[in-house]
Structures are given as structure tokens and as C-alpha cells.
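See below for the structure under consideration.
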Amino acid sequence: MNIKKELETKVGIANGIHLNSIDIDPLTIKAIMINEVVPADPLQDFYGIPDADYLKTTIPLLQGAGTAVTSMQDILQLGIYITNAVKIPKTDYTIDKSSIENSLPYLEAELSLFPNIKVIMLMGDVAKKAFNMIAKESTKKNVIPAVSTYKLRNSEIYYKGIRVMPSYIMTGRNILIEKSKVTMATEDIATMLEIIK
């Protein structure tokens with residue numbers, strides 16, 4: 001299945017929306033990692049060029065968690081699909097609510113493509129916010145409580161039988177500055193890997 005074609009069929013084609021044009025067998029995916037926002041240059045996204053900026057921080061996190069991955073293909077073979085909550089590149093330092101809202105139908109449809117999901121990792125506050133907006137539609141409440149991520153890390157949170165793990169952002173230059181967040185994100189990924197074994 002081509003993710004982009006599938007999402008455009010389900011939700012429609014929209015200007016400025018960046019979707020993953022990648023062929024995947026959805027039955028092989030056991031975990032989804034939701035990053036915050038697509039990069040301005042699609043080639044720097046997870047499924048772009050082999051040394052894309054987004055992979056420069058993501059691959060070391062997965063390696064730190066005990067995997068031997070060196071490419072996006074290796075990550076997919078582990079049963080992990082990575083996507084972005086916001087499908088529109090940000091134009092300011094922060095991501096405005098309308099960008100999240102415009103991307104939600106695509107993210108929600110994307111999550112529904114994978115029937116064998118055991119874990120959804122929310123990599124950063126924007127991913128948490130977007131996921132809560134989706135969950136609120138059906139449950140009328142937030143799945144992820146509005147407290148700091150470090151206080152939630154050891155909580156077992158479930159949504160429709162799927163373990164939901166709030167963690168830290170996995171892309172961008174800031175990740176390299178905050179070593180404690182790198183350590184915590186790596187630990188969270190190791191927990192996810194244990195669950196999907």
C-alpha cells in the first residue's frame with residue numbers, strides 16, 4: 001500500500017500537505033512513532049534521502065535503544081512506522097493550532113491504516129496535543145494528561161487497547177543540546193521495542 005495515495009483517497013488532496021509517499025505492508029507495522037512536524041524540504045524527512053536531517057537524530061536514538069538500524073528501511077523492518085503529526089511545514093518558531101487542525105484528518109486516517117499496532121509513541125508536545133485532539137473526538141477527554149512528559153513516562157496509558165507513550169522530540173538541532181531528554185527518549189524507545197518484540 002502506498003501511504004500517500006491511500007491517505008489522499010481517504011481524506012483528499014490538499015495544498016501544502018506533505019504525506020509519506022512510501023509503499024508499506026501495513027500488517028507488518030507494530031509501532032508508530034509520531035514526530036512533531038514535517039520539514040520544509042521533503043527530502044529531509046524520514047522517507048527522503050538516505051542521510052536526511054530527520055534520520056540523523058532518529059537513527060542514533062534507535063541505536064541507543066539497542067537496535068542495529070542504519071536506515072529507514074531497517075526501522076520499517078523492525079515493524080516501526082514513523083510519521084509527523086503536522087503535515088504542513090512550520091513557518092514560525094512555534095506551530096500554530098490551525099496547522100495541527102488541518103493535519104488531523106490525515107494523521108487520524110494514517111493511524112487507522114495499521115491494524116496490528118501495539119504502541120504509539122508521541123515524540124514531543126505537538127504530537128501529544130494532536131493525539132489528544134484525535135482521541136477527544138471519540139472519548140470526549142484527553143488520553144494524555146496535561147502534565148510534564150517526565151511525570152508520565154512510567155505511566156501505562158492505553159487508547160483503544162494500544163499503549164500510548166509520551167516521549168520527547170526526536171528531530172531537530174535542539175535534541176543534541178538536551179542530553180537528559182535524549183537519554184529519556186532512548187529509554188522510552190527501548191520500552192517500546194520490548195513491547196513489540
Side-chain angles (χ1 to χ4, degrees), residues 29-39 45-46 53-69 72 75 78-87 90 92-97 99-101 103-104 107-108 110-111 114 117-197:
I29 301 300
K30 295 176 277 194
I32 298 176
M33 297 175 79
I34 304 175
N35 184 53
E36 295 202 324
V37 61
V38 295
D45 206 348
F46 300 105
D53 286 347
Y54 274 18
L55 291 176
K56 286 178 185 165
T57 51
T58 301
I59 287 173
L61 285 173
L62 283 150
Q63 289 171 338
T67 71
V69 299
M72 193 61 229
I75 297 169
L78 288 175
I80 301 166
Y81 174 71
I82 305 178
T83 193
N84 296 291
V86 178
K87 314 292 187 190
K90 64 181 182 178
D92 293 317
Y93 183 72
T94 58
I95 297 166
D96 62 279
K97 193 175 178 192
S99 293
I100 299 174
E101 289 168 345
S103 300
L104 276 186
L107 180 61
E108 189 168 12
E110 196 171 20
L111 295 176
F114 304 100
I117 293 300
K118 294 181 179 176
V119 180
I120 295 174
M121 291 195 74
L122 307 174
M123 309 306 287
D125 290 341
V126 172
K128 278 190 341 195
K129 190 181 289 184
F131 191 81
N132 269 340
M133 289 165 86
I134 289 171
K136 217 172 190 170
E137 281 179 30
S138 60
T139 64
K140 305 295 178 239
K141 61 184 171 74
N142 287 337
V143 172
I144 310 300
V147 297
S148 297
T149 298
Y150 76 91
K151 291 181 180 174
L152 295 171
R153 286 183 59 239
N154 297 317
S155 309
E156 290 201 14
I157 301 168
Y158 289 88
Y159 173 72
K160 297 185 177 178
I162 298 167
R163 174 84 181 264
V164 181
M165 298 177 64
S167 190
Y168 296 96
I169 192 156
M170 60 198 234
T171 56
R173 291 188 186 94
N174 290 350
I175 190 172
L176 304 172
I177 298 165
E178 299 187 62
K179 297 285 183 229
S180 64
K181 287 186 178 177
V182 171
T183 302
M184 289 186 280
T186 303
E187 289 168 358
D188 296 342
I189 291 167
T191 301
M192 175 266 287
L193 291 165
E194 270 306 302
I195 296 168
I196 66 170
K197 262 187 192 169

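Atom CD of E101 and atom OG of S103 lie 10.0 Å apart (nearest 0.5 Å). Atom OG1 of residue T183 and atom NZ of residue K181 lie 12.5 Å apart, to the nearest 0.5 angstrom. With rounding to the nearest 0.5 Å, the separation of NZ in K129 from CD1 in I134 is 14.0 Å. Between T149 atom OG1 and M165 atom CE the span is 11.5 Å, to the nearest 0.5 Å. How far NZ of K197 is from CE of M192: 12.5 Å, rounded to the nearest 0.5 Å. Expressed to the nearest 0.5 Å, how far CG of N84 lies from CZ of F46 amounts to 5.5 Å.
Listed for the T191 side chain is a donor-acceptor partner under 3.5 Å among the backbone atoms of E187. In this structure a side-chain-to-backbone donor-acceptor pair under 3.5 Å is missing from E156 to R163. Side chain of D188 to backbone of S167: no donor-acceptor contact under 3.5 angstrom is found. Between the side chain of D96 and the main chain of S99, a donor-acceptor pair closer than 3.5 Å is present. At least one donor-acceptor pair closer than 3.5 Å links the side chain of Y168 to the backbone N or O of Y150. No donor-acceptor pair closer than 3.5 Å links the side chain of T58 to the backbone N or O of L55.
At a threshold of 4.5 Å between non-hydrogen side-chain atoms, the residues I196 and K118 count as touching. Considering only heavy atoms from C-beta on, I157 comes within 4.5 Å of P166 through its side chain. Side-chain contact check for I80 versus I29: every heavy-atom pair is 4.5 Å or farther apart. Looking at I75 and I82, their side chains come closer than 4.5 Å, going by heavy atoms from C-beta outward.
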*Hey, mind stepping through I162 and V119 against side chain to side chain contact (heavy atoms under 4.5 Å, CB included) and telling me if it holds?*
CA-CA 6 Å; I162 298 167; V119 180; 5.5 Å; no

*Report the C-alpha distance between T186 and L62 in whole Å, list the side-chain angles of each, state the deciding distance to 0.1 Å, and finish with yes or no for side chain to side chain contact (heavy atoms under 4.5 Å, CB included).*
CA-CA 7 Å; T186 303; L62 283 150; over 6 Å; no

*asked:* Evaluate I34 against L111 for side chain to side chain contact (heavy atoms under 4.5 Å, CB included), listing each step before the verdict.
replied: CA-CA 10 Å; I34 304 175; L111 295 176; 4.0 Å; yes

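Residues A65 and I189 share a closest heavy-atom pair of CB-CG2, 3.6 Å. Of all the heavy atoms in N132 and V143, the pair that sits closest is OD1-N, 2.8 Å. Between I117 and A31 the shortest heavy-atom distance is CD1-N, 3.9 Å.
Ring orientation note: the planes of Y159 and F131 are nearly perpendicular, at an angle over 60° on the 30°/60° scale.
Looking at residues two or more places apart in sequence or on another chain, you find a side chain to side chain contact (heavy atoms under 4.5 Å, CB included) between T57 and T171, I175, L176.
Under a cutoff of 6.0 Å and an axis angle of 45°, K90 and Y93 form a cation-pi pair.
With M170 as reference, M33 is the one residue of E36, M33, M121 to meet the side chain to side chain contact (heavy atoms under 4.5 Å, CB included) rule. Under the side chain to side chain contact (heavy atoms under 4.5 Å, CB included) test applied with T83, the options V38, L107, N35, D45 reduce to a single match, L107.
With respect to K87 and E110, a salt bridge is recorded, a charged nitrogen being found less than 4.0 Å from a carboxylate O.
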